[in-house]
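Single-structure report; data block below.
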Amino acid sequence: MRLSRYFLRTYKEAPRDAQTPSHILMHRAGMIQKLTSGIYNYLPLAWKTIKKIEAIIREELDRRDCQEVLMPAVQPSDLWEESGRWNYYGPELLRFKDRKNADYCLGPTHEEVITDMVRRNINSYKQLPVNLYQIQTKFRDEIRPRFGLMRGREFIMKDAYSFDTDDEESKKSYQKMYEAYTDIFTRCGLRFKAVDAATGAIGGDMSHEFQVLAETGEDEILSCSKCKYAANVEKAVTVRDIKKPADAGKCEVSEVHTPGAKTIDEITDFLKKSADHMIKTLIYLIDDEPVAVLVRGDLEANEAKVQSSLGASAVFPADEETVKNVTGAEVGFAGPLNLKEDIKILVDEQLYAYTDMVCGANKTDYHLTGIDPERDIKPFKVGDFTFAHPGEKCPHCEGTLESYRGIEVGQVFFLGDKYSKAMNCNYLDRNGKEKPIVMGCYGIGVGRTMAAAVEQNHDEYGIKWPAAIAPFEAVVLPLQSNKEEVMDLAEKFYSELQAAGIDTAIDDRKERAGFKMNDADLIGYPLQLIIGAKMIEQGLVEIKERSTGEKREVKIEDAVNEITSNLAKLKNQ
RNA sequence: CGGGAUGUAGCCUAGUGGCUAAGGCGCCUGCUUUGGGAGCAGGAGACCGAAGGUUCGAGUCCUUCUAUCCCGACCA
């Protein structure tokens, strides 16, 4: 491509509202422009990178016998009512009506549509397994879109769905996709970790996230210093040595007047006891049912663990009115004893290492002291309902967990029969018996993958694209556009590099040398072939590798071979 | 949805209630220049987010609305 004719404008300054490197640099490099909050134009340079990422995805999936389809972005509400998600998905689902007043939504994901498609076409075990995928624009009306393409409302996603006869077969499909994802992100040139993940509202009981490591990542990952264990902080578990205290059961429960002391801080001050001796009682609405979750006062409740422990679809902190109804007191005085309503109580296991604790009395301005959790609280379930922390012990070896920031670019889920049961997606087995198809689903954020690559590969001058997904693999930079011998040689290299199968741009704009070099660094072509008048006289040109900044002089006749082999090396890194 | 901030040309910014809204980048014309975002001269481009209000006079003060961003809550 000739830059003189290319639809491209670069900027020296970042737009005021851009904060993160990927957003700033992709905007400055003329790749993306915001149309409105969380919604972007992809300009030619960005679209080239998107298409390269998509090509890698297609190759890796197609060779594993996945089949590409395309489903509609507009989906009718009845499918969502059938799966039960029309009511559960919340305002993130953009809903609208057509002229006949029928309900529709813009698809944030396609489990409903694909399940419907498969049940209409698959009847027999002979047709399984099958894996279908699409690359398509999704819409989620995020409360707070941010960081450019990192969290947009409209975004390009690859979503794949596997259909198998039973759990065992489905887990093979899952494993196959896990391997495909590993190959895809490796080929994209990204440094990433596959981590254990919570399943959230999509359901199912096994999931991994593919996290690109970058300081600006929104997710926290805990990873073992010795073994391969890695998990999202929501999911991570550690080995905890919980010993029953020697004086357990000796304390006596008594009620104390604690006027106005609602928060853990206020109570620790008031009673002169440390926060780890407090029992924090949180009332949640879990699938519309109030539930109390008890954790130590100095710890946070982990809603993802609560959700998966109960197999629930939705976990929300209860509203003030519900809390008052359940406890019979103002917010701030909830406790596990004498609740007004008989609700499920989840107890975090770490409470059992303590005795003589403090909790709310379910009576405004009163707390209870002398609580022994094991003796006094009747749990519905005891388990791990808090977060793991860096420095704690790995559940699989002697190592300790370390913290990283990550950008989630892909996630794989084992779904089981959650959707196939709800939507009657069945097959007949060998014995003529009807069974639900076992599903898995697999997503990759394509635009987010591009943004993550920039987050991970940039410097103060611009982007350093991994060669496999760079918009162009190389650029020819004639430094003196007024000198015929420079331009002629540049043109010659341009055609030779293209003939060698290299995706090449030529900066034939009538600009000065510094301007072109700065633009090249900003846009981040992996290799620059720099052609200067003085070097030509010595029979030399220069090759600059963007990722290392290394420049080296080569003979004119060797340049094409040098570029070819250098590029091959970059792609194999 | 709570807290905070900001809307002035395509982009970045300046602008005590007072003349025709200023500068840089970018854009157009000409000359000059060509190894790290050149120089000179000329030019185009703004109903100052919107609507009300206060005032002799509003980009500036007040009210409402709206948009965008940040923190939080939320999030396959």
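Everything quoted here is computed from the prediction, not taken from an experiment. Throughout, a chain's letter reflects where its sequence line sits, starting with A, and its residues are numbered from 1.
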(Q) Going by salt bridge (Lys or Arg N to Asp or Glu O under 4.0 Å), name the pairs with one or both residues in residues 7-17 of chain A, residues two or more places apart or in two chains. (A) A/D17-A/K34

Q. Is the shortest side-chain N/O distance from A/R512 to OP1 or OP2 of B/A38 below 4.0 Å?
A. yes

**Q.** Side-chain donor/acceptor of A/E545 to backbone N/O of A/L527, under 3.5 Å
**A.** no

Q: Please work out if A/Y442 contacts a base, only the sugar-phosphate, or nothing of the nucleic acid, heavy-atom cut-off 4.0 Å.
A: nothing

Q: Tell me which of A/A513 and A/E408 sits closer to the 5' end of RNA chain B, going by the nucleotide each one is nearest to.
A: A/A513

Q. So what does A/D159 hit on the nucleic acid, given a heavy-atom distance under 4.0 Å: a base, only sugar-phosphate, or nothing?
A. nothing

Q. If you look at every strand shown and take non-hydrogen atoms under 4.0 Å, does A/R28 touch a base, only sugar-phosphate, or nothing?
A. base

(Q) What is the distance, to the nearest angstrom, from the CG atom on A/D17 to the P atom on B/C71? (A) 13 Å

Q: Please collect all side-chain hydrogen bond (donor to acceptor under 3.5 Å, both in side chains) contacts where either partner lies in residues 70-84 of chain A, sequence neighbours excluded, each pair once.
A: A/Q75-A/W80, A/Q75-A/H110, A/E82-A/R119, A/S83-A/E112

Q) Which heavy-atom pair separates A/L149 from A/M450 by the least distance, and what is that distance? A) CD1-CE, 3.4 Å

Q: Residues of residues 32-47 of chain A with any non-hydrogen atom less than 4.0 angstrom from an atom of RNA chain B: list those, numerically ordered, please.
A: A/K34, A/T36, A/S37

Q. Got a second to check how far A/Y133's OH is from A/R58's CZ, nearest 0.5 Å?
A. 6.0 Å

Q.
Below the 4.0 Å mark, does B/C69 have OP1 or OP2 next to a side-chain nitrogen or oxygen of A/Q19?
A. no

**Q.** Spatial distance of atom OG1 (A/T115) from atom CE (A/M439) [nearest 0.5 Å]
**A.** 3.5 Å

Q. The side chain of A/P15 lies closest to which of these nucleotides: B/U33, B/U68, B/C11?
A. B/C11

Q. To the nearest 0.5 Å, how far apart are CG in A/L45 and OG1 in A/T10?
A. 10.0 Å

Q. How is A/K544 classified with respect to the nucleic acid when contacts are heavy atoms under 4.0 Å: base, sugar-phosphate, or nothing?
A. base

Q: Nearest whole angstrom, please: distance from the P of B/C27 to the NZ of A/K510.
A: 15 Å

Q.
Closest-nucleotide mapping onto RNA chain B: is A/L479 or A/P145 further toward the 5' terminus? I mean the 5' end.
A. A/L479

Q.
Would you measure the distance from the P atom in B/C12 across to the matching atom in B/A44 and give it in whole Å?
A. 24 Å

Identify all pairs in which a protein N or O lies below 3.5 Å from an N or O of nucleotides 5-9 of chain B, and state each distance.
residue: B/U8; atom: OP2; partner: A/R16; partner atom: NH2; Å: 2.7

(Q) Assess, by modelled atom type and distance only, whether the side chains of A/Q136 and A/K138 contain a donor and an acceptor separated by less than 3.5 Å. (A) yes

Q | Donor on one side chain, acceptor on other, A/E220 and A/N232, under 3.5 Å | A | no

Q.
Check the orientation of A/F210 and A/F185. Use parallel for under 30°, tilted for 30 to 60°, and perpendicular for over 60°.
A. tilted

Q: Figure out the CZ/C1' separation between A/R144 and B/A67, and round it to whole Å.
A: 16 Å

Q. For RNA chain B, what dot-bracket results from Watson-Crick or G-U pairs at under 3.5 Å, with [ ] for crossers and | for inter-strand partners?
A. (((((((..((((....[...)))).(((((.......))))).....(((((..]....))))))))))))....

Q: Supply the atom-to-atom distance A/E68 CD to A/N131 CG, rounded to the nearest 0.5 angstrom.
A: 12.0 Å

Q. Which part of the nucleic acid, if any, lies within contact of A/Y89, taking any heavy atom under 4.0 Å across all strands shown: a base, the sugar-phosphate backbone alone, or nothing?
A. base

**Q.** Basic-acidic side-chain contact under 4.0 Å: A/E218, A/R151
**A.** yes

Q: Report yes if the distance between the aromatic ring centroids of A/Y442 and A/Y178 is under 6.0 Å, otherwise no.
A: no

Q. For the rings on A/F472 and A/Y6, is their centre-to-centre separation under 6.0 Å?
A. yes

Q. Heavy atoms under 4.0 Å, any strand shown: does A/E542 hit a base, just sugar-phosphate, or nothing?
A. base

Q) Taking atom P of B/C75 as reference, at what distance in whole Å does atom CZ of A/R153 sit? A) 18 Å

Q: For nucleotides 21-26 of chain B, just jot down a letter per nucleotide in 5' to 3' order: B, S or -, based on protein non-hydrogen atoms under 4.0 Å.
A: ---BSS

Q.
Expressed as a whole number of angstroms, how long is the span from A/F139:CZ to B/C75:C1'?
A. 14 Å

Q) To the nearest Å, how far apart are A/E303 CD and B/C75 P? A) 7 Å

Q. With sugar-phosphate meaning primed atoms plus P, OP1 and OP2, does A/Q480 contact a base, only sugar-phosphate, or nothing at under 4.0 Å between heavy atoms?
A. base

Q.
Within this structure, what is the CE-CG distance for the pair A/M206 and A/L415, rounded to the nearest 0.5 Å?
A. 10.5 Å

Q: For A/A18, answer base if it contacts any base atom (sugar-phosphate contacts may also be present), sugar-phosphate if it contacts only those atoms, and nothing otherwise; contact means non-hydrogen atoms under 4.0 Å.
A: nothing

Q: Round to the nearest Å and state the distance from A/N518 atom CG to B/G37 atom P.
A: 6 Å

Q | Given B/C70, B/C75, B/G35, the nucleotide with the shortest approach to the side chain of A/E92 | A | B/C75

**Q.** Approximate separation, where rounding is to 0.5 Å, of A/I283 CD1 and A/D319 CG
**A.** 11.5 Å

**Q.** Atom-pair distance (CZ on A/F147; C1' on B/C75), nearest Å
**A.** 14 Å

